[in-house]
Trainee: 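One structure, pasted below without further comment.
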2 protein chains.
Amino acid sequence: MLTQNNTTVATEWLDRLKASGYRLTDSTRAVVQVVAENSFALEPAQIFISARQLSPHLGLVTVYRTLDKLEETGLVQRVHQLNGCHAYVPAAPGHQHLLVCRSCSRVEYFSGDDLDELFGQVGRERGFLIQDHWLQLYGLCSVCQKEEAAG
Amino acid sequence: MLTQNNTTVATEWLDRLKASGYRLTDSTRAVVQVVAENSFALEPAQIFISARQLSPHLGLVTVYRTLDKLEETGLVQRVHQLNGCHAYVPAAPGHQHLLVCRSCSRVEYFSGDDLDELFGQVGRERGFLIQDHWLQLYGLCSVCQKEEAAG
DNA sequence: CTCTTATTGAAAATAATTATCATTATCAGT
DNA sequence: ACTGATAATGATAATTATTTTCAATAAGAG
Ligand SMILES: [Mn+2]
Ligand SMILES: [Mn+2]
Ligand SMILES: [Zn+2]
Ligand SMILES: [Zn+2]
């Protein structure tokens, strides 16, 4: 596995991991390489298959462990889909939400929701202390729309 | 297990199941009784424990199968939480969203989000065809706030 | 270069869910 | 009510996803 000198998302992630006190290994680098530069929601098994091509003796367990570290460090987040919530994408920077393609699992990010007033109202009415919210859009990305039209 | 003549949520659910072509059994009735009259997000194993008290020879497998039927019929929905998405609540009637207590898993429903404009804009910008959205609030219900204050 | 110890992969263990199958029970049609 | 086709059931086994254990390895501070 080659070391990269130029600044990529992957190297930034590795720096962040190191800054968090984790040691960097070939296995770590392979997983990071796969997940960091990627816009699809990936499950551990898929990440394993891709990353093993970069680090052939990689074990699936290490994928789970690395994902834990990445989540802990705030570099990845889980994506909740209809079937389950076992896929990951690069964490949205700042307050953003996800736009998920139901066909290919591509993920994009968006911001601009303004619901504080509604949240305040709902919280007051119910006596609920609202700590967080979660908004996700589902649909078909442009690529999958074309495929559907053709197919 | 007694038959109920008065109209409860549970009997309405049973009618809906029957109308969908399913046969009604004691096992079905027990699961429905537990889930229909309940405002907490429940996992299959929890439902199993409660429902077995109403129908002692109930098997866990039947809980899974009944939940499938209830989901199919639109009577329950999955609740997505931080740990996972394997808990169920009565489906929100119409276009409503969930308010979930992080401490006790109590679920309430709310409506009134107005995000069509944002969704239209995001969709246009990205070439995404938006089919659905998903909004959920997390926090502490009034009961759990008091408990937390008491300590 | 050395030493401490975090990290690794193989294997086993655990947990969650699904498939198989013989038996039972629902309910539509008499 | 009775009957028969068959949906539903529970016990068991199988599968899948994830976590734990542990001895060997390798990162990186000093
Ligand atoms: Mn928001
Ligand atoms: Mn809405
Ligand atoms: Zn797509
Ligand atoms: Zn609560």
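All chains are named by letter (A, B, ...) in the order of the sequence lines, taking the proteins before the strands, and each is independently numbered beginning at 1. As the structure is a computational prediction, the values presented were derived from the model and not from experiment.
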Trainee: What residue pairs, at least two apart or across chains, pass salt bridge (charged side-chain N to carboxylate O under 4.0 Å, His left out) with a residue in residues 64-91 of chain A?
Mentor: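 Found A:E71-A:R78.
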Trainee: If you walk 5' to 3' along DNA chain D, what is the first nucleotide with an atom under 4.0 Å of a heavy atom in chain A, and what is the last?
Mentor: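 Contact span on the strand: D:dA17 to D:dG28.
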Trainee: Applying ring-ring contact (aromatic ring centres under 6.0 Å, His included), can you list everything that pairs with A:H80, at least two apart in sequence or on another chain?
Mentor: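 With sequence neighbours excluded, A:H80 shows a ring-ring contact (aromatic ring centres under 6.0 Å, His included) to A:W134, B:H80, given in chain and number order.
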Trainee: B:L129: which other cluster members, linking ILVMFWY side chains closer than 4.5 Å, directly or transitively?
Mentor: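 Reading the cluster by chain and number, B:L129 sits alongside A:L140.
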Trainee: Please list, chain by chain and in numerical order, all residues satisfying side-chain contact (heavy atoms from CB on, under 4.5 Å) with B:E12, sequence neighbours excluded.
Mentor: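 So B:E12 forms a side-chain contact (heavy atoms from CB on, under 4.5 Å) with B:T7.
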Trainee: Quick check on the helix from C:dC1-D:dG30 to C:dT30-D:dA1: what's the angle between its two end axes, five base pairs per end, to the nearest 10°?
Mentor: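 Comparing the axis at each end, I get an angle of 50°.
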Trainee: Transitive ILVMFWY cluster of A:V122 at side-chain heavy atoms under 4.5 Å: who else is in it?
Mentor: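 Reading the cluster by chain and number, A:V122 sits alongside A:L99, A:F110, A:L115, A:L118, A:F119, A:F128, A:I130, A:L135, A:L137, B:L99, B:F110, B:L115, B:L118, B:F119, B:V122, B:F128, B:I130, B:L135, B:L137.
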Trainee: Which pairs, with at least one residue in residues 49-74 of chain A and sequence neighbours excluded, count as a ring-ring contact (aromatic ring centres under 6.0 Å, His included)?
Mentor: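 Sorted pair list comes back empty.
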Trainee: Does any pair with a residue in residues 15-24 of chain B pass side-chain hydrogen bond (donor to acceptor under 3.5 Å, both in side chains), and if so which ones, sequence neighbours excluded?
Mentor: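 As it turns out, there is no side-chain hydrogen bond (donor to acceptor under 3.5 Å, both in side chains) pair with a partner in residues 15-24 of chain B once direct neighbours are skipped.
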Trainee: For each nucleotide in nucleotides 5-14 of chain C, reading 5' to 3', give B when a protein heavy atom comes within less than 4.0 Å of its base, S when such contact involves only the sugar-phosphate, and - otherwise.
Mentor: BBSBB-B---
Trainee: Say whether, by atom type as modelled, one donor and one acceptor occur between the side chain of B:S50 and the main chain of B:I47 under 3.5 angstrom.
Mentor: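 No, the answer is negative, given that no donor and acceptor are paired below the 3.5 Å cut-off.
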Trainee: Quick test of your reading: applying side-chain hydrogen bond (donor to acceptor under 3.5 Å, both in side chains), list the pairs with at least one residue in residues 135-151 of chain A, sequence neighbours left out, ordered by first then second residue.
Mentor: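 Output for this query lists A:Q136-A:Y138.
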Trainee: Just how far, in rounded Å, is C1' of C:dC27 from CG of B:L14?
Mentor: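 For the pair B:L14 CG and C:dC27 C1', the rounded distance is 15 Å.
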Trainee: Can you pull the salt bridge (charged side-chain N to carboxylate O under 4.0 Å, His left out) pairs that have at least one residue in residues 87-108 of chain A, sequence neighbours excluded?
Mentor: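 Applying salt bridge (charged side-chain N to carboxylate O under 4.0 Å, His left out) to every pair that reaches into residues 87-108 of chain A, excluding sequence neighbours, yields A:R102-B:D132, A:E108-B:R126.
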